[in-house]
J.: 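Just passing along the structure, written as structure tokens.
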Amino acid sequence: MSTSAAVRAAVSFAASHGVVCTDPVVMKAGSNVIVHLRPAPVVARVASRTALVRPSVSSHFARDLSVSSFLASRGVPVVTPSAELPAGPHVVDGFVLAFSTYVPHDPSAELSRPDVLKMLPDLHAELRHYDGSLPTRGPLDDTDNTLAYLSARGVPDLEPFYTRRSELLEFWDAHYNDVQPLHGDPHHGNLLMTAAGPVWLDFEDTWRGPVAWDLACLAGEAGPEAAQRTADIYGGGAAPQDVEFHVEVRILFGTLWGLLIENS
């Protein structure tokens, strides 16, 4: 998908609602295209590669807006849906897009993994109050959809990935513990460093699953030592063996996502 076409769709839709953008700035172009509709205090999120493997990408965007609004109402520092125009999600020229509030921040500053882990318990405590509808398979859906996409594209040598997926699925239920609404992808890139402190964003991957999944996103490496260290920094509430398992799930998904990037 063309980044320039995604930007044009966002600018055009914003203009139709009275939001004038004369200097769009692409902040990120990867899974989604993220563009600041400067000078307006509005950021557009346009589905890019996510639309290839998420048939329900609109529901992911809607989930981000819903969870963000909920957390903001409870005083959690999050990027909120835009109040300048209908936040969405919308479909424009074949693109799924949504709009959030631009938050001034230092793009060169980021927290360490331990710092984010220490923030997670408070976020999880607030997320436990969210009672909206959430998926329960999380990365399994993305894994299955990505494998299906790669297979349809004729990517060779996928058998080891199908085998690994089956191996992990065999032990999924045993590690589906301490279940609650999660961030889904709480790496340091999903926190903005502002003058007032860190601000959470990107709840597109929120799902109802084991706390260990969010910890696995921050473990940094595989193995029991890393899992134990991650659980210790978090401060309890997730068994190290569950963290270790979900690191392996994340490795599989991350590898498949790399293949998607190469073949899209």
Side-chain angles (χ1 to χ4, degrees), residues 1-105 107 123 126-127 129-135 141-142 181-186 189-192 194 196 199-208:
M1 293 186 179
S2 165
T3 297
S4 59
V7 172
R8 286 195 299 271
V11 170
S12 174
F13 183 88
S16 71
H17 287 79
V19 175
V20 177
C21 170
T22 58
D23 184 25
V25 177
V26 175
M27 302 167 69
K28 183 179 179 181
S31 303
N32 298 306
V33 175
I34 311 297
V35 54
H36 178 195
L37 303 183
R38 211 162 56 177
V42 177
V43 172
R45 175 190 298 259
V46 187
S48 180
R49 290 191 180 94
T50 54
L52 301 177
V53 295
R54 288 180 172 173
S56 59
V57 69
S58 288
S59 67
H60 284 266
F61 278 26
R63 192 176 310 133
D64 171 55
L65 297 171
S66 174
V67 174
S68 297
S69 293
F70 169 79
L71 290 172
S73 74
R74 296 183 63 85
V76 179
V78 295
V79 172
T80 57
S82 177
E84 304 291 320
L85 73 171
H90 309 280
V91 179
V92 180
D93 297 336
F95 292 99
V96 176
L97 61 158
F99 299 91
S100 60
T101 303
Y102 176 74
V103 175
H105 62 283
L123 179 66
E126 295 296 339
L127 282 169
H129 296 283
Y130 182 76
D131 61 2
S133 177
L134 293 174
D141 285 333
D142 279 342
L182 307 173
H183 181 287
D185 193 21
N190 280 333
L191 283 153
L192 300 181
T194 76
V199 174
W200 289 101
L201 75 155
D202 193 3
F203 292 87
E204 180 183 341
D205 293 343
T206 292
W207 62 295
R208 189 175 299 277

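Note: hydrogens, waters and symmetry copies are ignored here, and every other heavy atom, side chains too, is used. For the single chain, residues carry numbers from 1 onward in sequence order.
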J.: Heavy-atom distance under 4.5 Å between the side chains of L37 and V43, does that happen here?
T.: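 Of all side-chain heavy-atom pairs linking V43 with L37, none is under 4.5 Å.
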J.: Any salt bridge linking D205 with R54? Criterion: basic side-chain nitrogen under 4.0 Å from a carboxylate oxygen.
T.: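 The answer is yes: the pair qualifies as a salt bridge.
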J.: Relative to each other, are the rings of Y102 and H36 parallel, tilted or perpendicular (30° and 60° limits)?
T.: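 Plane angle under 30°, so parallel.
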J.: With sequence neighbours excluded, what pairs up with P55 under the side-chain contact (heavy atoms from CB on, under 4.5 Å) test?
T.: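 Partners of P55 by the side-chain contact (heavy atoms from CB on, under 4.5 Å) criterion, ordered by chain and then number, come out as N145.
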J.: Could you walk me through whether V76 and L123 satisfy the side-chain contact (heavy atoms from CB on, under 4.5 Å) test, starting with their C-alpha distance in whole Å, then the side-chain angles of each, then the deciding distance to 0.1 Å, before giving a yes or no?
T.: CA-CA 8 Å; V76 179; L123 179 66; 4.2 Å; yes
J.: Evaluate the side-chain proximity of L201 to V78: yes if any heavy-atom separation is below 4.5 Å, no if none is.
T.: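 No, their side chains stay 4.5 Å or more apart.
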J.: Looking at CZ of R63 and CZ of F203, how far apart are the two atoms once the value is rounded to the nearest 0.5 Å?
T.: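 These two atoms lie 13.0 Å from each other.
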J.: Output yes when D93 and R8 qualify as a salt bridge under the 4.0 Å nitrogen-oxygen rule, no when they do not.
T.: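 Not counted as a salt bridge, because no side-chain N and carboxylate O are separated by less than 4.0 Å.
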J.: Is there a donor-acceptor contact under 3.5 Å from the side chain of H17 to the main chain of L85?
T.: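 Here the side-chain-to-backbone pair does not exist.
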J.: Check S69 against P81 and note the closest heavy-atom contact, atom names and distance.
T.: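 For S69 and P81, the tightest heavy-atom pair comes out as OG-CG, 3.2 Å.
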J.: Compare every heavy atom of G132 with every heavy atom of R208, then report the nearest pair and how far apart it is.
T.: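 That would be NH2-O, 3.9 Å.
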J.: CG of L65 to OG of S82: how many Å apart, nearest 0.5 Å?
T.: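 Spacing of CG (L65) from OG (S82) equals 10.0 Å.
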J.: Closest heavy-atom contact between E204 and R45?
T.: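 Looking at all heavy atoms of both residues, the closest pair is OE1-NH1, 2.9 Å.
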J.: To the nearest 0.5 angstrom, please state how far the CD atom of E126 sits from the CZ atom of R74.
T.: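 That separation rounds to 4.5 Å.
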J.: Restricting to non-hydrogen atoms, name the atom on F95 and the atom on A9 that form the minimum distance, rounded to 0.1 Å.
T.: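 Here F95 and A9 meet closest at CD1-CB, 3.9 Å.
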J.: Whether the side chain of H90 engages the backbone of G88 through a donor-acceptor N/O pair (distance < 3.5 Å, no angle test) should be reported.
T.: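 Flag set: sc H90 to bb G88 pair under 3.5 Å.
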J.: Is it the case that over 12 heavy atoms from other parts of the model lie below 6.0 angstrom from the CG atom of D23?
T.: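 Buried by this count: over 12 neighbours within 6.0 Å.
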J.: Please assess S66 against Y130 for the test side chain to side chain donor-acceptor pair (under 3.5 Å), listing each intermediate value before the final yes or no.
T.: CA-CA 10 Å; S66 174; Y130 182 76; 2.7 Å; yes
J.: Looking at S59 and S56, would you say the former's side chain and the latter's main chain have a donor-acceptor pair under 3.5 Å?
T.: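 Yes, because the side chain of S59 sits within donor-acceptor range (under 3.5 Å) of the backbone of S56.
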J.: For the pair S16 (side chain) and F13 (backbone), establish whether a donor and an acceptor sit closer than 3.5 Å, ignoring hydrogens and angles.
T.: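 Yes, S16 side chain to F13 backbone: donor-acceptor pair under 3.5 Å.
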J.: Which heavy-atom pair separates P135 from W207 by the least distance, and what is that distance?
T.: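 Heavy atoms only, the tightest pair is O-CB, 3.5 Å.
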J.: Quick one: are D64 and T206 in side-chain contact, heavy atoms under 4.5 Å?
T.: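 They are not in side-chain contact.
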J.: Rounded to the nearest 0.5 Å, how far apart are CG of D185 and OG of S31?
T.: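 Between D185 CG and S31 OG, I get 8.5 Å after rounding to 0.5 Å.
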J.: In Å and rounded to the nearest 0.5 Å, what is the OG1 to NE2 distance from T194 to H105?
T.: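 Spacing of OG1 (T194) from NE2 (H105) equals 10.0 Å.
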J.: Given T101 and T80, is the side chain to side chain donor-acceptor pair (under 3.5 Å) satisfied, shown in steps?
T.: CA-CA 6 Å; T101 303; T80 57; 3.2 Å; yes
J.: As an exercise, state the distance from CD of E84 to OG of S100, rounded to the nearest 0.5 Å.
T.: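 Atom-to-atom, E84:CD and S100:OG are 11.5 Å apart.
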J.: Which heavy atom of V35 sits nearest a heavy atom of P24, and at what distance?
T.: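 Closest heavy-atom pair between V35 and P24: CG2-CB, 3.9 Å.
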J.: Before giving the answer on side-chain contact (heavy atoms from CB on, under 4.5 Å), spell out for V79 and V199 the whole-Å C-alpha distance, their side-chain angles and the decisive distance to 0.1 Å.
T.: CA-CA 7 Å; V79 172; V199 174; 4.0 Å; yes
J.: Output yes when a side-chain donor or acceptor of H183 lies under 3.5 Å from a complementary backbone atom of D202, and no otherwise.
T.: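 Yes: the side chain of H183 pairs with the backbone of D202.
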J.: Counting distance only, does the side-chain N/O of T50 pair as donor-acceptor with the main-chain N or O of A47 below 3.5 Å?
T.: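 Between the backbone of A47 and the side chain of T50 there is no qualifying donor-acceptor contact (under 3.5 Å).
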J.: Below 4.5 Å, heavy atoms only, C-beta onward: do V46 and N32 meet side chain to side chain?
T.: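 No, side chains not in contact.
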J.: Could you check if a side-chain atom of P86 sits within less than 4.5 angstrom of a side-chain atom of F99, using non-hydrogen atoms only?
T.: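 Not touching, per the 4.5 Å side-chain cut-off.
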